[in-house]
Number of protein chains: 2
Amino acid sequence: MMKSKKSYHHGDLRKTLLDAATMIIREGGVETLSIRKLADQVGVSRTAPYHHFKDKNELLCAIAEQGFLLQDQAVKKIPAQYPSLAPAALFEQYVLAYIRFANEQPETYDLMFGREIWKTGTPTDSLKVISKSSFRIWVEWIDELKEKNLFNQEEPTLRIAQASWAALHGLCRLFNDGIYVNRDDLEAIATTTVHMLIQTSE
Amino acid sequence: MMKSKKSYHHGDLRKTLLDAATMIIREGGVETLSIRKLADQVGVSRTAPYHHFKDKNELLCAIAEQGFLLQDQAVKKIPAQYPSLAPAALFEQYVLAYIRFANEQPETYDLMFGREIWKTGTPTDSLKVISKSSFRIWVEWIDELKEKNLFNQEEPTLRIAQASWAALHGLCRLFNDGIYVNRDDLEAIATTTVHMLIQTSE
DNA sequence: CAAGCAATCTTGACACTGTCAAAATAGAAT
DNA sequence: ATTCTATTTTGACAGTGTCAAGATTGCTTG
């Protein structure tokens with residue numbers, strides 16, 4: 001149970017690997033993470049990580065999981081933070097918080113929702129669970145706002161949640177990838193999106 | 001100028017490479033494309049492609065360019081195809097056409113807007129030009145629809161275009177990646193998105 | 001306290017990748 | 001016919017993920 005760095009058994013390697021890998025990804029993206037470099041940086045042999053993660057894929061999934069937890073946490077505190085805000089304004093804050101996360105840690109966000117895990121790789125069961133529950137938070141939120149007449153009552157809540165999340169997600173990718181826009185316009189576009197999404201009630 | 005397959009000089013290698021690479025990506029995604037396998041499949045040595053494309057990156061950009069051209073073409077013919085449709089319904093068709101392209105050729109779409117080129121790699125100048133012009137088509141479309149009162153007049157056209165495209169793009173990724181939804185619900189969610197985006201006028 | 005067991009870590013190896021440098025080949029221009 | 005140039009090839013290097021076999025350690029049981 002020692003954490004001394006000189007012992008043959010590291011004692012805490014799994015967590016150390018996770019943290020170091022998270023850092024590498026945060027700074028340079030998924031493709032700058034190689035198991036070998038990671039092992040080297042942590043001071044362990046190339047194949048040592050394979051006793052804690054079956055795959056590179058599993059490592060990535062574990063990191064993505066932490067990303068989801070972080071994002072959930074950052075977004076969950078919004079209601080308590082703005083207790084006296086009208087539904088529409090609150091929704092905007094919610095959206096901004098979501099986008100801020102994606103903007104502050106773009107590489108983590110890309111990993112969480114990116115091709116590397118979900119298409120090229122294979123999402124872990126536990127990652128699937130966490131991501132679904134993260135989405136459920138969103139659905140519940142939409143449901144509350146729908147009851148306050150922020151959205152069209154005739155559309156099913158799930159559809160609204162999917163559509164609005166997709167809009168949000170597209171927005172994040174928009175300046176995460178920097179294809180059609182520079183990041184400075186972020187807030188402006190986000191606000192426009194919010195205005196377009198919510199009911200233009202009188 | 002011969003196209004015989006036995007001559008030392010291939011004569012048409014660039015196009016052959018482009019086509020073969022496009023096929024490989026279409027079937028298995030970017031990460032299944034390796035220069036070596038590609039060269040092998042075309043019947044040429046590993047480094048032959050480097051005399052027609054400086055980089056793997058340049059090859060990918062060239063393929064992405066063709067993707068943009070294809071998409072533009074598929075989407076441009078929509079207005080002529082539905083001459084008597086009301087603006088809102090026409091917009092919906094436009095959206096559906098866009099999504100259909102992303103849905104039918106998900107790997108090409110992912111390449112066109114994906115991280116591989118825009119973040120990990122370096123988009124070619126000519127790719128940048130084509131993608132911008134592709135977006136401009138969208139902006140002009142939005143502008144026309146805005147004049148027909150489909151969107152809030154107070155928002156700048158560019159903002160509406162960015163926001164709506166982002167929503168569309170997010171939608172495409174939503175089932176391209178299969179994170180939060182199964183592809184069967186595609187049309188339903190798309191329709192919901194359209195309804196949310198356009199002005200609930202009367 | 002000793003022996004054995006299981007967890008952990010290391011070394012070696014393999015197949016694969018992108019790409020550079022130098023040599024070989026063929027067609028075009030002189 | 002000879003030179004020049006565009007094209008293609010072979011050889012090489014550094015890097016990757018990961019499997020198999022061996023080494024080392026700490027924990028558990030007798």
Side-chain angles (χ1 to χ4, degrees), chain A residues 1-18 20-21 24-25 28-64 111 114-117 119-124, chain B residues 1-18 20-21 24-25 28-64 111 114-117 119-124:
Chain A
M1 236 182 253
M2 299 255 300
K3 294 187 182 176
S4 143
K5 289 185 178 177
K6 312 232 169 180
S7 63
Y8 186 92
H9 282 60
H10 186 286
D12 208 6
L13 187 53
R14 197 193 140 93
K15 181 166 165 39
T16 307
L17 286 170
L18 249 174
I24 293 176
I25 287 180
V30 214
E31 48 280 315
T32 66
L33 174 70
S34 92
I35 300 285
R36 294 171 104 109
K37 272 192 331 198
L38 170 64
D40 207 53
Q41 178 174 317
V42 166
V44 94
S45 85
R46 306 132 245 165
T47 61
Y50 286 87
H51 292 96
H52 300 271
F53 303 95
K54 182 186 134 250
D55 248 351
K56 187 180 187 181
N57 180 68
E58 275 207 355
L59 211 201
L60 297 181
C61 287
I63 298 171
L111 179 65
R115 177 183 181 85
E116 180 82 43
I117 285 180
K119 208 149 187 180
T120 304
T122 317
T124 307
Chain B
M1 230 176 265
M2 299 255 300
K3 294 186 184 179
S4 143
K5 290 184 179 178
K6 313 232 169 182
S7 64
Y8 187 91
H9 282 60
H10 186 287
D12 208 6
L13 188 53
R14 195 194 141 92
K15 180 168 167 38
T16 307
L17 286 171
L18 247 174
I24 292 177
I25 286 180
V30 213
E31 49 280 315
T32 66
L33 174 70
S34 91
I35 300 284
R36 294 171 104 109
K37 274 192 331 199
L38 170 65
D40 207 54
Q41 178 175 317
V42 166
V44 94
S45 85
R46 309 131 243 167
T47 61
Y50 286 87
H51 295 265
H52 301 271
F53 302 95
K54 180 186 135 252
D55 248 351
K56 186 180 188 182
N57 180 68
E58 275 207 354
L59 211 201
L60 296 181
C61 287
I63 298 172
L111 180 66
R115 180 184 178 84
E116 180 83 42
I117 285 180
K119 208 149 186 179
T120 304
T122 317
T124 308

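Within every chain, numbering begins at 1; the chains are lettered A, B, ... in the order of the sequence lines, protein sequences first and strands thereafter.
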K.L.:
Taking CD from Glu31(A) and C1' from dG15(D), how many angstroms apart are they, rounded to a whole number?
P.N.:
15 Å

K.L.:
What's the CZ-P distance between Arg46(A) and dA14(D), to the nearest Å?
P.N.:
16 Å

K.L.:
Counting only non-hydrogen atoms, which of residues 50-64 of chain B are less than 4.0 Å from DNA chain C?
P.N.:
Tyr50(B), Asp55(B), Lys56(B)

K.L.:
So what does Thr47(A) touch, heavy atoms closer than 4.0 Å: a base, only the sugar-phosphate, or nothing?
P.N.:
base

K.L.:
Taking atom P of dT8(D) as reference, at what distance in whole Å does atom CG of Asp12(B) sit?
P.N.:
10 Å

K.L.:
So which atom in Asn57(B) and which in Gly121(B) form the shortest heavy-atom distance, rounded to 0.1 Å?
P.N.:
OD1-CA, 3.5 Å

K.L.:
Rounded to whole angstroms, how far apart are CG on Asp40(B) and C1' on dT10(D)?
P.N.:
15 Å

K.L.:
Among the nucleotides dG17(D), dC9(C), dT17(C), which one has an atom lying closest to any side-chain atom of Val44(A)?
P.N.:
dC9(C)

K.L.:
Quick one: on DNA chain C, does Arg36(A) or Ser45(A) contact a more 5' nucleotide (nearest heavy atom)?
P.N.:
Ser45(A)

K.L.:
Determine whether Val30(B) and Ile117(B) make a side-chain contact, defined as any pair of heavy atoms from C-beta on separated by less than 4.5 Å.
P.N.:
no

K.L.:
Between Ile35(A) and Ala48(B), which is nearer to the 5' end of DNA chain D once each is assigned its nearest nucleotide?
P.N.:
Ala48(B)

K.L.:
Less than 4.0 angstrom from a charged side-chain N to a carboxylate O is my criterion; do Arg115(A) and Glu116(B) meet it?
P.N.:
no

K.L.:
Any idea which of dT11(C), dC9(C), dT8(D) is nearest the Leu13(B) side chain?
P.N.:
dT8(D)

K.L.:
Please tabulate, for side-chain N and O atoms in residues 34-45 of chain B, each donor-acceptor pair with protein atoms closer than 3.5 Å (sequence neighbours left out).
P.N.:
unit_1, atom_1, unit_2, atom_2, d
Ser34(B), OG, Lys37(B), N, 3.0
Lys37(B), NZ, Thr32(B), O, 3.1

K.L.:
In this structure, how many angstroms lie between the C1' atom of dC16(C) and the CG atom of Leu33(B), rounded?
P.N.:
14 Å

K.L.:
Going by salt bridge (charged side-chain N to carboxylate O under 4.0 Å, His left out), name the pairs with one or both residues in residues 49-61 of chain A, residues two or more places apart or in two chains.
P.N.:
none

K.L.:
Taking all non-hydrogen atoms of both residues into account, name the closest pair between Leu111(B) and Ile63(B) and its distance.
P.N.:
CD2-CG2, 3.7 Å

